[in-house]
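For ligands, and for the atoms within them, numbers begin at 1 and follow the listed sequence. Just so you know, these numbers use all the heavy atoms, side chains as well, and skip hydrogens, waters and symmetry mates. As the structure is a computational prediction, the values presented were derived from the model and not from experiment.
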Amino acid sequence: MNHKFGSITVYVEQDYDAMSSKAAEIFSEEINKHPEAAFGFATGGTPLGMYKQLIEMNKQKAVNFSGITTFNLDEYYPISRDNDQSYYYFMMTNLFEKVNIDRDKIHIPNGNAADINKECTEYEEALTASGGLRMQLLGIGLNGHIGFNEPSGSFSRATHCVQLDQSTCEANARFFTSVDDVPRQAITMGIGTIMMSESILLLANGKGKAEIIKKALTGPITPEVPASVLQLHRNVIVVLDKSAAEGIL
Ligand code: GLP
């Protein structure tokens, strides 16, 4: 089922698997239409099913990653790339090592950079030099964060360093031994970086996300709900499972 919220198209699918299939279909179509373009990838539990589908589609030659350039949304700081909780490790093991992607064209912020501000500037420059993103994939945090852009008094612009909210550390503690092991800082694309993408594909599943999806899509546009800025973008597609759509249907 397809609904419209302003300029945002929302697909509501039966369950997580159907959400993942729909997302894989949309993202792979875009890659096949623009096989040499740059694409933005995301981490978290939400896109895992979509990544599994993309791996399967790649095996069957239904999607070709060989010409694309990739930029990930964010990375913890400090964290080393071989730490199995780093987003680098996540992307390599859950997608990039399993598809025909050119490793030289993968960009993920370096969570071990000696100079974090320099890393942020260079990341943004590399993204701009690639010609910009064709499609950015997004999940959404329980507090409305996109990438690691936490609720705040203003919308951030370019890639920058952030302090993580306690609630985000707690939500992400499930992937670490304890909440104390979750790094307190991160490097993230800015809201401005994300908004410059030609198109945006946001996914959410589960009852726990219903309230924030409602606020993001139908509430006031405010940096206190970072995802609400997407209401100002001209080409956003949201794919939800039924539970995440409960607040808007
Ligand atoms: C994390 C990531 C986000 C992700 C979000 C939701 O903190 N930085 O990019 O979208 O939280 O995660 P999940 O998909 O596991 O709910």
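Under 3.5 Å, the side chains of Asn72 and Tyr88 contain no donor-acceptor pair of N or O atoms. If you check the side chains of Thr9 and Lys4, you find a donor sitting under 3.5 Å from an acceptor. Inspection of the Asn112 and Ser80 side chains reveals no N or O donor paired with an N or O acceptor under 3.5 Å. At a cut-off of 3.5 Å, with distance as the only test, no side-chain donor of Asn64 or Asn32 sits close to an acceptor on the other residue.
The distance from ligand 1 to the heavy atoms of Phe148 drops below 4.0 Å at these ligand atoms: 7 (O), 8 (N). Heavy-atom proximity to Gly139, at under 4.0 Å, picks out these atoms of ligand 1: 10 (O). Near Asn172, meaning under 4.0 Å from one of its heavy atoms, ligand 1 places the atoms 1 (C), 7 (O). Atom numbering of ligand 1 starts at 1 in the shown order; those under 4.0 Å from a heavy atom of Lys209 are 13 (P), 16 (O).
Within the structure, every pair that satisfies the side-chain hydrogen bond (donor to acceptor under 3.5 Å, both in side chains) test and touches residues 127-139, not counting sequence neighbours, is listed here: Glu30-Arg134, His34-Arg134.
In terms of protein heavy-atom proximity, atom 3 (C) of ligand 1 is closest to Gly147 O, 3.6 Å. Looking only at protein heavy atoms, the nearest one to atom 12 (O) of ligand 1 is Gly44 CA, 4.0 Å. Nearest protein heavy-atom contact of atom 14 (O) of ligand 1 is Thr46 OG1, 2.4 Å. Here the heavy atom of the protein found nearest to atom 8 (N) of ligand 1 is Asp74 OD2, 2.9 Å. Of all protein heavy atoms, the one lying nearest to atom 5 (C) of ligand 1 is His145 NE2, 3.6 Å. Nearest non-hydrogen protein atom to atom 4 (C) of ligand 1 is Thr43 O, 4.0 Å.
For Tyr87, every heavy-atom contact with ligand 1 shorter than 4.0 Å involves the side chain, none the backbone. In Leu138, neither the side chain nor the backbone holds a heavy atom less than 4.0 Å from any atom of ligand 1. Using a 4.0 Å cut-off between heavy atoms, Ile140 contacts ligand 1 through its backbone alone, with no side-chain atom that close.
Distances shorter than 4.0 angstrom do not occur between any heavy atom of Ala42 and any atom of ligand 1.
In this structure, the separation between OG on Ser66 and CD1 on Ile101 is 9.5 Å, given to the nearest 0.5 Å. Considering CD1 of Ile187 and CG of Asn110, their distance stands at 7.0 Å, rounded to 0.5 Å.
The local environment of NZ in Lys214 is sparse, with at most 12 non-hydrogen atoms from other residues, nucleotides or ligands closer than 6.0 Å.
Only one option out of Lys22, Glu246, His3 pairs with Val12 in a side chain to side chain contact (heavy atoms under 4.5 Å, CB included); it is His3.
The shortest N/O to N/O separation between Arg174 and ligand 1 falls below 3.5 Å. The N/O atoms of Leu73, backbone and side chain alike, include none that comes under 3.5 Å of an N/O atom in ligand 1.
In this structure, His107 and Phe71 have parallel ring planes: the angle between them is below the 30° cut-off, well short of the 60° mark.
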